[in-house]
Each structure stands twice: as C-alpha cells, then as structure tokens.
Amino acid sequence: MTDLQTTDLHAADPADSPWWRDAVIYQVYPRSWADGDGDGVGDLPGITSRLGHLAELGVDAIWFSPFFRSPQKDAGYDVSDYRDIDPLFGTLADADALLARAHELGLRIIVDLVPNHSSDQHAWFQEALAAAPGSEARERYMFRDGLGADGSTPPNDWRSVFGGPAWTRITEPDGTPGQWYLHLFDSSQPDFNWQNPVVREEFESVLRFWLDRGVDGFRVDVAHGLIKKEGLPPFPLETEMISQDNTALSPFWDQDGVHEIYRAWRSVLDEYEGDRIMCAEAWVAPAERAARYVRPDEFHQAFNFGYLEAPWRVADLRTVITDSLSANDSVGAPATWVLSNHDVVRHASRLGLPVGQKRPNGISASDPQPDAELGLRRARAASLLMLALPGGAYLYQGEELGLPEHTALDHHYREDPTFHRTSGTEVGRDGCRVPMPWERDAPAYGFSATGASWLPQPPAYGDLAADQQAGVAGSTLELYRAALALRDERGLGLGGLALVGDTTTDSTDADTAEDAVLTLHNTGRGGEHPTLVIANLGTEPVALPEGSALLLASGPLTDDGLVPTDTTIWAAL
Ligand code: NOJ
C-alpha cells in the first residue's frame, strides 16, 4: 500500500470486541417468511422450520418485525398486548421453541419493541376511552380538548406520517363528541404519553419480560418520536413516510428528552448477562444528531439511514461513509449499515430507478418501472460495498436472493395504511413485503404448502427462489454466502478503514477518476487481512492494482480481468 495515497477514516476496533459491533443481522418479516399452517400468512413454526437457511447464510442474529398480539392494522406495529404472540403467528410456546432452535444454531434473536404508540385495542386505550377527561387512564396517552367553542377543531395542525391529520376525536362514554387523541401514525395507533412515569415503568417491565425469556435484544420502533415538544406547537408540514426531512424542525421528532428514556433502558439491559443490545430506528439527520442515540450509555446501534438514502454516486457514498464513521467514532459507537427493510422500496429495484430521483414510497404498475437488470447489478455492488465497511449491517429478507420490489401489485391487495390514508397517492410499502420464494416449482414458491399467500408473488420470484440459487456459482445467494464468510474470516467489520486515491474533489461529475470509482482499504481484524474494496460506478472498466489478488466480485469481470461498471470487488493485498 505504500504507493497508494490514502486518507484514514476510521481506526480498527479491538479484535475481541463484543459480538454486536460487527454483527450481520437479518430481518425476518414474520408474515412473509414461511407459512407453517397453510393460511397464507407466515408464522413462528414456519420460521423455525427454515432457520437452516440463515445458519448457512452466515448471519449472526435475526431481527423479527413484531409478532405480538395485534389487530394488524399496521402489520403488527399496532400492538394490543406486548407480552403475548398474535394467534396469526402462533403462541408463546412457539416463540420459546423458535428462540431455542435459533440459539442452538448460534443465531441471536432481536425482537421489535414499539413504544411510541399502542393499538387502539390495547387494554389501556380501551380504559382511556371509557374513563373521563383528565383521568389517570387518559394520562397514559396524548388526549387534548379540541379548539373552538364546541371543541370540533383538532388541538393542533400536526399531520400523520401515513397522511391526514394526526388527531382523532372520540365519542365520550355519555355519547357526546369528546376529546381528541394524538396518533403520529394511523388513527388505530394512539401515541403514549412518555411524560407519564407509569408508561416508563410499563415498558421497563416489557423489556424484562422478553429479556427473561432469553431474547438478545430489541430493535426500537420510532425511537426518535417518543417525546413531543412542550405545548405541542404548530407544525403544518407533511411528515413523510419515512424520511429524514424536517427532523431538525419538527416538534415531535428527535426531542432531547428521548435520551433519558434510553439511558434507563440501557441500565436494564446491562443487568442481564450476554451482551443484550438495543438498535434505534431513528430517522434523524445529520449524522451528529443520529450519533447521540449511540452514546455509550444509550443504544448499541442505530440504523444508518443516510447510507440507505444515498444516491448511487461516488461523491454521495464517500460523503455518507466518511460522515457516519466520523460521527459515530466521536461517541465510540460502530456504524450500522442497511440498504433495505420493510418500509422502503427494495434496493434491487430502487437502484434501477434514475439516479438522484427522490425515493418513492412504493411503486405501482402505472409508475415508471425500474430497470430490473441494472437494479440487481447495482444492488449486488452496493451490498458488497456495505459488507466491506466496518461496523454492523442489517439485511432484509430476500435481498440475499436479489428479490425486486413487486411493482405491479393490484391495488385491492394493498394493506399499508398509507395507501388508504393518502387515497392511493402513495402506494405504500406492500411491494417490499411480498412472501419469500423458497422453491420454484412448489405452491406459492414454497412459502406455503397450500399455495396461499397474503400478497401474490410476482412471476420473477420463481427463478429467484432459494432452491434455484443454492450451489449455483455467481447467484446472488452464493455471493452473499461468500461475502459473509470472507467478511468474518478477514474481520472486515472490525477493521480500520481508509479512502484510497485523491479525495479532495467533491464533484458529482462521473467523468473524473475520483468520481467514477470508490476505492477503500480495510485493514481487517487486528490488521491481519488488508482488503482492497473497489466499487466502480463509472462508465469505463478499471484494473485491479498490481499485486492484489481478487477475492470476490459482485458480478463477472471483463474478459481481460477488469472491474466493469456497477461492480464491486474485494481483493487481498
Ligand atoms: C416504523 C416501522 O418500521 C413501520 O413499519 C411502522 O409503520 C411505523 N414505524 C409505525 O410503527
């Protein structure tokens, strides 16, 4: 490396760092992974039966989107009982069996905690409806009187993330029009009042309930939303699903008061053995604000949504990698990279849309369609780049198969409240939540023995089924398996990172070498396995530096061994 010009971005972690600092965690969306009882909705026994896929893939842990008791108005992010499993998914005994089998396979389990709001069917909210204004039961949620002589105007102008007003008026027990309650999401998801100590006690008890059952951690939903600014001042702007826009201005996102809640939770987790963790879902910008969530006595991880949002351009990728590492280093936390989840267009489709276009909230048949081939090529390159970065990474189910978004779903299947609350202006998130294809020639591609599937799978999923890719050289599944094995072997997640080349320019003009190719040097765990990472986003193929040996490529090299456009390679030095 002496002849390469480098700029250090991040120093290596100690080789004996705790598991989560470089963990690869796989998100299972329970209703869409594997259906054990044939009703068309995935469930816990179905998941348990297919855990071998994840052990073979080589991930460290699984994050489950919510499987708690819920009317499923927002696919389980509307919890009516935090201490029970929804019958749709199984029973507490099924959860125990899943946990036991996962642990046998060496996989840790992260569950999803939804503390900003409950379902309107939660016992506390039902009590609140039956109680009087100002009662203890109402004080657990955000009830307010309406404005105007008859109270018929909402308490303020806040908008719901899913569209429409963030307030709904109730009918009092005596039948008269009554108070209003706040819901930053759907009207079936009333916000808790986190200024009330009773709410804090309840959630600490919920944490203990799951920690006692043996879970290894929590992904915390809307971690930036629990505290609302005093006086609930006006904020007329639309609040998009899900974006980092406006977080700096908003009176309900990223208020300083949230942090003491997480400090209290951290001390609960620290009482337990085994490095239990919390990961924040906090759509907060800039990186310095997001880093406040991962200070040493708060969360262990926070999703780096800046990376997910970055356009496929060298300058943008370089900036987000540099800024995230520097912000997190300032608090001693690892970065946590992610490209897809159940809320955003899958990256195999997103990266097939014109570069620099605003990320759409779902794609429908009448929208301009992504370029599927280009999208997959870029997605594989983006994933290989991500897996070479120091820190942790989250994978979303199906990305290891290169699954695209379902972009032609009939509207009548749509369940995302966004679609209904925006009268279809935003099609929403169903297209990224379609059930997994396991076997090309089985009913519902092996998702369910009966062939039932709560959302229909697009025909493209047949050839992408896991059984079509396992053992096939060059398949996306084998790329991910090889990448995870190498990442582990070379300790990329704990390595130090440097930018290679002249990084002084900051243009988005892809014609200059600096803006065509992103080259990184990862020292590997303990500096033992230096790895060169080259992501070619330019129009011309590029050569591997002399003396380097190719380890893995996201796509085929040219006949003369060059790295083609939209391809990432790892090479040993
Ligand atoms: C973020 C979750 O990821 C999303 O699916 C959900 O709709 C909202 N939070 C509300 O809980």
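Indexing begins at 1, ligand by ligand and atom by atom, following the structure's order.
- When only modelled atom types and interatomic distance are considered, S324 and N304 share a side-chain donor-acceptor pair under 3.5 Å.
- Shown in contact with H117 at under 4.0 Å from a heavy atom are these atoms of ligand 1, numbered in order with element: 10 (C), 11 (O).
- The R429 neighbourhood of ligand 1 comprises atoms 4 (C), 5 (O), 6 (C), 7 (O), with distances under 4.0 Å to a heavy atom of that residue.
- Contacts between Y29 and ligand 1, counted as non-hydrogen atom pairs separated by less than 4.0 Å, are absent for every part of the residue.
- H300 and D275 are not linked by any side-chain donor-acceptor pair at a separation below 3.5 angstrom, with hydrogens and angles left out of the test.
- Interface of E281 with ligand 1, defined as ligand atoms under 4.0 Å from a residue heavy atom, comprises 1 (C), 3 (O).
- With a 4.0 Å heavy-atom cut-off, ligand 1 is reached by the side chain of R219 but not by its N, CA, C or O.
- Heavy-atom proximity to V222, at under 4.0 Å, picks out these atoms of ligand 1: 9 (N).
- Judged purely by distance below 3.5 Å, without hydrogens or angles, the side chains of H342 and Q27 pair a donor atom with an acceptor atom.
- Counting heavy atoms closer than 4.0 Å to ligand 1, residue R433 contributes side-chain atoms (C-beta onward) but none from N, CA, C or O.
- For an aromatic pair to be called close, the ring centres must be under 6.0 Å apart, and Y82 with F203 satisfies this.
- Side-chain atoms of H183 and T168 include a donor-acceptor pair closer than 3.5 Å.
- Under 4.0 Å is where a charged nitrogen must lie from a carboxylate oxygen, and between R350 and E309 no such pair does.
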